[in-house]
S.K.: 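Shown below is the structure under consideration.
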Amino acid sequence: MKIMHLLQMTDSTFPVGTFSFSNGLETAAHLGVVRDAATLEQYTRSVARQGAFSDGVAALLAYRAAKEENLAAITEIDRGLMLFKMNDEARMMLQRMGKKLAELAVKLFPDYSPIAEWLEEIQGESTPGSYPVAQGLSFAASGLGEEELFASHQYGVINMVLSAALRCVRVSHYDTQLILQRLCAESGALYEEARQMTFEDMNSFVPEMDIFASLHEKGNMRMFMN
């Protein structure tokens, strides 16, 4: 059943390394910007919107290119997305998780040649291998649709922040689950916007998060990579 593929690739135990990253939350919590459930929800909503209109759009475009088995377009999206990122840790996160997912997807979908060809380009260092592009290819290979891809992407972004919050913000599991429920309910409206966007329409103007990331790169206090 397709729903089981969706659950597999969205599960927090899916081995791509999401647990290592906090999307800037660690620095925000250390500075007191995020300090309770209310400020955590505001922060996570900003992360979700930023993800929807940048990485989420790239994932959708990569999915469409994968459906057409257009490797040149996939590579162009991959390279362009990395240029879109302002801080080193964001690029590191996308590359590490992207390569892990590509390596896993080759085993999960051995008959789907675009993934194997793209992984060869990653290994040859001719393309960075970003995670949203890997998601797009994996979902195309699995037979799942665009809406499922976007839902999985958004769930992953939101859950990454909320999971990190349990270790560095004074909140409970009840708090994070309520936030998750509310933000997931907003994903449908975000999808309706994102699915109509081109690469040139992508945007991620949340400057505070890039400031947090730059501070984190030079900081001494670390449990996560941003």
S.K.: Output the distance between atom CG (Leu81) and atom OG1 (Thr127), rounded to the nearest 0.5 Å.
M.R.: 10.0 Å

S.K.: Are Ile179 and Leu162 close enough, and set up right, to give a side-chain contact (heavy atoms from CB on, under 4.5 Å), and what steps lead you there?
M.R.: CA-CA 8 Å; Ile179 294 169; Leu162 296 180; 3.9 Å; yes

S.K.: For Leu25 and Thr44: C-alpha separation, side-chain torsions, deciding distance, then whether side-chain contact (heavy atoms from CB on, under 4.5 Å) applies.
M.R.: CA-CA 9 Å; Leu25 177 68; Thr44 311; over 6 Å; no

S.K.: Taking NZ, NE, NH1 and NH2 as the nitrogens, is one of them in Lys85 or Asp55 under 4.0 Å from a carboxylate oxygen of the other?
M.R.: yes

S.K.: Per the side-chain contact (heavy atoms from CB on, under 4.5 Å) rule, which among His153, Gln154, Gln196, Glu146 passes with Tyr191?
M.R.: Glu146

S.K.: Could you tell me whether the side chain of Asp201 and the main chain of Thr198 form a donor-acceptor pair under 3.5 Å?
M.R.: yes

S.K.: Rounded to the nearest 0.5 Å, what separates atom CH2 in Trp118 from atom OG in Ser113?
M.R.: 14.5 Å

S.K.: How far apart are the closest heavy atoms of Ala141 and Phe109, and which atoms are they?
M.R.: CB-CG, 3.6 Å

S.K.: So, Glu186 and Arg49, do they make that salt bridge, N to O below 4.0 Å?
M.R.: no

S.K.: Test your reading of the model: is there a side-chain donor-acceptor pair from Ser152 to the backbone of Leu149, 3.5 Å cut-off?
M.R.: no

S.K.: Which pair of heavy atoms, one from Ala105 and one from Ile115, lies closest together, and at what distance?
M.R.: CB-CD1, 3.7 Å

S.K.: Taking all non-hydrogen atoms of both residues, which atom of Ile74 and which atom of Ala62 are closest, and how far apart?
M.R.: CG1-O, 4.3 Å

S.K.: Looking only at non-hydrogen atoms, find the nearest pair between Ala73 and Asn70 and report the distance.
M.R.: N-OD1, 3.0 Å

S.K.: Indicate the ring-plane relationship of Tyr43 and Phe212, choosing parallel, tilted or perpendicular according to the 30° and 60° boundaries.
M.R.: tilted

S.K.: What's the spacing between Cys184 SG and Gln177 CD if we round to 0.5 Å?
M.R.: 9.0 Å

S.K.: Applying side-chain contact (heavy atoms from CB on, under 4.5 Å) to Met160 and Val47, what does each step give before you reach the verdict?
M.R.: CA-CA 10 Å; Met160 186 189 303; Val47 173; over 6 Å; no

S.K.: Looking at Glu41 and Arg45, does any basic side-chain N land under 4.0 Å from a carboxylate oxygen?
M.R.: yes

S.K.: Are side-chain heavy atoms of Gln50 and Val157 found at a separation under 4.5 Å?
M.R.: no

S.K.: Using only heavy-atom distances, determine whether the side chains of Asp78 and Thr75 contain a donor-acceptor pair under 3.5 Å.
M.R.: no

S.K.: Which heavy-atom pair separates Tyr112 from Ala140 by the least distance, and what is that distance?
M.R.: OH-CB, 3.7 Å

S.K.: Can any side-chain N or O of Ser126 pair as donor or acceptor with the backbone N or O of Glu121 at less than 3.5 Å?
M.R.: yes

S.K.: May I ask you to check whether over 12 heavy atoms, not counting those of Glu76, lie within 6.0 Å of atom CD?
M.R.: no

S.K.: Is it true that Glu192 and Arg195 make a salt bridge, defined as a side-chain N closer than 4.0 Å to a carboxylate O?
M.R.: yes

S.K.: side-chain contact (heavy atoms from CB on, under 4.5 Å), that's the test. Do Leu180 and Ile158 meet it? Break it down for me.
M.R.: CA-CA 7 Å; Leu180 178 64; Ile158 294 165; 3.7 Å; yes

S.K.: Do other residues, nucleotides or ligands put more than 12 heavy atoms under 6.0 Å from the CZ atom of Arg182?
M.R.: yes

